[in-house]
Amino acid sequence: MKPENLDASLSRREAVKRIALLMGGALVGSQVLLHGQAAPEKDLPAFSDRDRELLDEIGETIIPGSKAIGIGAFMAMMVTDCYSPAEHAAFTRGMRVLDQARGRGFLALTPQERTALLNEKNAELSYHFGLNTTPYFKMMKQLAVLGYFSSEIGCTQSLRHIEVPGSYNGSYPYKKGDKAWYSS
Amino acid sequence: MIGQDYDAIVVGSGISGGWAAKELTEAGLKVLLLERGENIEHITGYVNALKAPWELPHRNRLTNLIREEQPVATRDYFIDEGNANYWVKDKDCPYIEKKPFDWFRGYHVGGRSLMWGRQSYRWNPFDFEANKKEGVATDWPIRYDDLAPWYDHVESFAGISGSLEGLPQLPDGKFLPPMELNCVEKDLAARIRSHYADSRRMIIGRVANLTVPHNGRNNCQYRNKCSLGCPFGAYFSTQSSTLPAAVKTGNLTLRPLSIVTRVLYDKDRKRASGVEVLDTETRQTYAYNARIVFLCASTLASAGVLMNSATDVWPDGLGSSSGELGHNLMDHHFRVGASGRVEGFEDRYVFGRRANGFYIPRFRNLFGDRRDYLRGFGYQGSATREGWDRDVAEIGIGLPLKEALSEPGGWKVGMTAFGEMLPSHENRVSLDRSKTDKWGMPVLSFDCEIGPNEMRMRKDMANDAAEMLEAAGVKDVKSEDRGYAPGQAIHEMGTARMGHSPKSSVLNKHNQVWDAPNVFVTDGACMASTSCVNPSLTYMALTARAAAFAVEALKKGDV
């Protein structure tokens, strides 16, 4: 098989991201973007119920309504099943950071404090260009967005989804406020 | 063990094999269709085709398990949680890369006809003449006119939707009504046509999706889930189209789980007597006899079977006397193009998910245009409005993010070029007998790369894309060459080319192996050059043509 070093892997991820753009698609949250090739880290801890509770609240802060669709369990599953060991480890470390944030920990913060904290983390993402690993908050944000908008509630209430459209109209009327399609 | 006798054996059940089975059974021949993988039943076998987005646990993203079992397929973007079961478990079937080669395989009934891109274009007359005219490799032994009636034949049955354009470089065919360019694409198309005085054209893709009911099959429902298998039978696949036709004759026996290890060659008759099959369940081998054999196992697998056949006569295998078996391996080189942002059209959106895009036919090195390379390229792309998965970093998190992503973003357009790759004797695949796969079969070893002609062409592929988008008023246009390794287009061709002479080609003008005229190779292996258009329609036409010839030859006792 073709040996792939980290640089090659990064350029592949970048390539895939760009090809999706070129082909007119988009794939934020794709494992191709998230999956790194760094050295495996051993003994990754499994997610606990408390972890999922914390992730539920983090998810809810990123996308209100996502706790109701079980975003904590979704994030934990995705990280366990789809992420590389390095990303899994970075995600877990990030979770611990948030668990101790502001000295009191994320769960003890008021909704306003949680939003302010995660907006800070979000703003920091723009400084992460060139890093070898995906910043943990980027993973959390991508997973919250993916988990919510691809859920039944997200698909059908925040977005529109018709499983069998049956026809195509390439000039369909749109007015501001109309929901986006889940995919188009 | 000895199996039964048949009139014809078809090896492989993908696009080419399905056509061979249909044409031969309809001509009254008793046919054994061999497939190395499992059966996938039409409709009931498409396990993920009717699932809602939220019913796929990982929301269609790849899992580590898929990556581990399918290390090659997951190199690229087309595999996902929903269709991963249609791509081969690479782990079981390794190969050697002396140079990088992405070999994307589908080992099951239907082969890659289940997951193909469905873009269907005729070659043009210049494509068949170019090798001779330019002194490249060897001349095609056929011309466009030889194949034109067979394009008619396969298009009429398969159902290809497309627009009539009257372009010499992209001949019109027997089309169903075209799909529709969307409002932004129509605008870009009009601007490009006018800017280049009609010498360049953006048209709707010609695609093997039905726009109206056809031959008892339903029309496309605009779900854009083709790669999961279509429960409506709305795109051409072996399952939806050729297999039911072959079954209907009562002349077909389909045998899945059957790896063809070699063609059995009768030295005295200088003919194949049949094939040897390894049953992947029982691990027993069986010999099946037939009067003719159609090798349609795919460009690389068919070459591999030939290399493993008649080695007592030719150490490098059946068809190797020319010195060309396994050589002249080609693909389309791509992953270069441009993208940008389209302003306006905020009051326009789309309804339905169109499994198709636009196509810009070749315009380079034609009609007096002369570049510093040979041949040309075409573009495929689309304009779309961004969705919830777009990046909106500036908005922050919380309700503003949720509300922003609940509405579509702006329009963008992107396109990527597919370029012709010249045949070269140096680009080859061989059998490495020192390494075997799960079934004990020797593995293929790849030694193939693009050359200076392709590298020069890629500059145009990037620059022309950006220039056209800019001419059409697109903003923030970025062109890019993201690099390429052979195989990535999944348009592999060559390895057993057709030609005029047994000294320089493996197959004659009827796809017969020169050294065993009752063996026909009609998949991508037979190609003597690649054109720049998607190849599957041409495999269909070549297969139907060769099958008709084989039936006549059998009647006359010529094979």
Side-chain angles (χ1 to χ4, degrees), chain A residues 1-2 12 15-16 18-32 35 61-65 77-78 81-82 115 118-119 122 125-126 141 145-147 149-152 155 158-159 161 163-184, chain B residues 52-54 57-59 61-64 67 71-72 75 77 94 97 100 179-183 221-224 335 337 339 346-354 357 381-391 393 396-399 401-402 405-408 412-416 480 482-483:
Chain A
M1 296 299 111
K2 184 158 64 184
R12 176 177 292 278
V16 168
R18 287 173 192 165
I19 205 167
L21 186 68
L22 286 177
M23 300 299 281
L27 73 174
V28 172
S30 155
Q31 291 324 297
V32 183
H35 191 89
T61 309
I62 298 170
I63 300 286
M77 175 192 68
M78 291 297 285
D81 292 353
C82 302
T115 301
L118 295 193
N119 265 325
N122 186 63
L125 288 181
S126 57
K141 186 180 174 186
V145 167
L146 172 66
F149 285 105
S150 66
S151 70
E152 185 169 4
C155 257
S158 287
L159 302 169
H161 178 69
E163 192 54 43
V164 184
S167 63
Y168 180 75
N169 179 350
S171 185
Y172 190 65
Y174 180 83
K175 60 179 191 320
K176 179 76 187 152
D178 288 350
K179 305 286 188 204
W181 297 112
Y182 171 72
S183 62
S184 60
Chain B
W54 55 88
H58 302 92
R59 306 291 158 80
R61 302 310 193 252
L62 291 175
T63 63
N64 290 330
R67 290 179 180 286
V72 176
R75 289 175 184 179
Y77 67 95
E97 293 172 271
M179 285 188 179
E180 187 193 351
L181 291 173
N182 65 39
C183 54
Q221 299 298 303
Y222 297 92
R223 304 164 70 239
N224 197 15
R335 293 180 190 242
S339 60
E346 288 96 351
D347 64 343
R348 295 287 112 187
Y349 205 15
V350 297
F351 178 89
R353 301 182 291 278
R354 185 193 60 186
S382 63
T384 51
R385 256 189 112 150
E386 291 188 294
W388 57 270
D389 50 357
R390 68 188 183 275
D391 192 16
I397 52 107
L399 210 51
L401 177 66
K402 184 181 179 182
L405 294 181
S406 297
E407 292 180 17
K412 61 183 181 172
V413 59
M415 59 193 205
T416 192
E480 202 168 20
R482 299 172 308 281

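Note on naming: letters A, B, ... go to the chains in the order of the sequence lines (proteins, then strands), and numbering restarts at 1 for each one. Computation of the quantities below employed the complete heavy-atom set of this structure, encompassing side-chain atoms and omitting hydrogens, waters and symmetry-equivalent molecules. Note that the coordinates shown come from a computational prediction; the quantities given were computed from them, not determined experimentally.
Taken from CG in A/Leu125 to CG in B/Asp391, the straight-line distance is 9.0 Å, to the nearest 0.5 Å. Here OG of A/Ser184 is found 4.5 Å from OH of B/Tyr349. Values are rounded to the nearest 0.5 Å. Here the CG atom belonging to B/Asn182 is positioned 4.0 Å from the OH atom belonging to A/Tyr168, to the nearest 0.5 angstrom. A distance of 9.5 Å separates CZ in B/Arg353 from OH in A/Tyr182, rounded to the nearest 0.5 Å. Between A/Asp178 atom CG and B/Asp347 atom CG the span is 11.0 Å, to the nearest 0.5 Å. Between the OG1 atom in B/Thr63 and the CE atom in A/Met77 there is a gap of 10.5 Å [rounded to 0.5 Å].
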Check the pair A/Phe149 / B/Ser406 against side-chain contact (heavy atoms from CB on, under 4.5 Å), numbers first and verdict last. CA-CA 8 Å; A/Phe149 285 105; B/Ser406 297; 3.8 Å; yes

Take B/Arg59 and A/Ser151 through the side-chain contact (heavy atoms from CB on, under 4.5 Å) test and state the conclusion after the steps. CA-CA 9 Å; B/Arg59 306 291 158 80; A/Ser151 70; 4.1 Å; yes

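With a 4.5 angstrom heavy-atom cutoff, A/Asn169 touches chain B via backbone and side-chain atoms both. Of the atoms belonging to A/Lys175, not a single heavy atom falls under 4.5 Å from chain B.
Residues that satisfy the salt bridge (charged side-chain N to carboxylate O under 4.0 Å, His left out) test with A/Glu163, not counting sequence neighbours, are B/Arg223, B/Lys225. Residues that satisfy the salt bridge (charged side-chain N to carboxylate O under 4.0 Å, His left out) test with B/Arg385, not counting sequence neighbours, are absent from this structure.
Looking at every heavy atom in both residues, B/Ile397 comes nearest to A/Leu118 through CD1-CB, 3.7 Å. Closest heavy-atom contact between B/Leu401 and A/Val145: CD2-CG2, 4.3 Å. What you find for A/His161 and B/Pro53 is that their closest heavy atoms are NE2-CD, 3.5 Å. Across all non-hydrogen atoms, the minimal contact from B/Val350 to A/Gly170 is CG1-CA, 4.0 Å. Listed here is the closest heavy atom pair of A/Pro165 and B/Tyr222: CG-O, 3.1 Å.
Heavy-atom pairs under 4.5 Å with chain B were tallied for A/Ser158, A/Gly65, A/Ser167, A/Pro173; the largest tally goes to A/Ser167. Counting heavy-atom pairs under 4.5 Å between each of A/Gly177, A/Ser150, A/Gly147 and chain B puts A/Ser150 at the top. With chain A as partner, the option from B/Gly352, B/Gly357, B/Gly483 having the largest number of non-hydrogen pairs under 4.5 angstrom is B/Gly352.
Using a 30° and 60° split on the angle between ring planes, B/Phe351 and A/Trp181 fall in the perpendicular class, above 60°.
Within the 4.5 Å cutoff, side-chain heavy atoms of B/Trp388 are placed close to those of A/Leu146.
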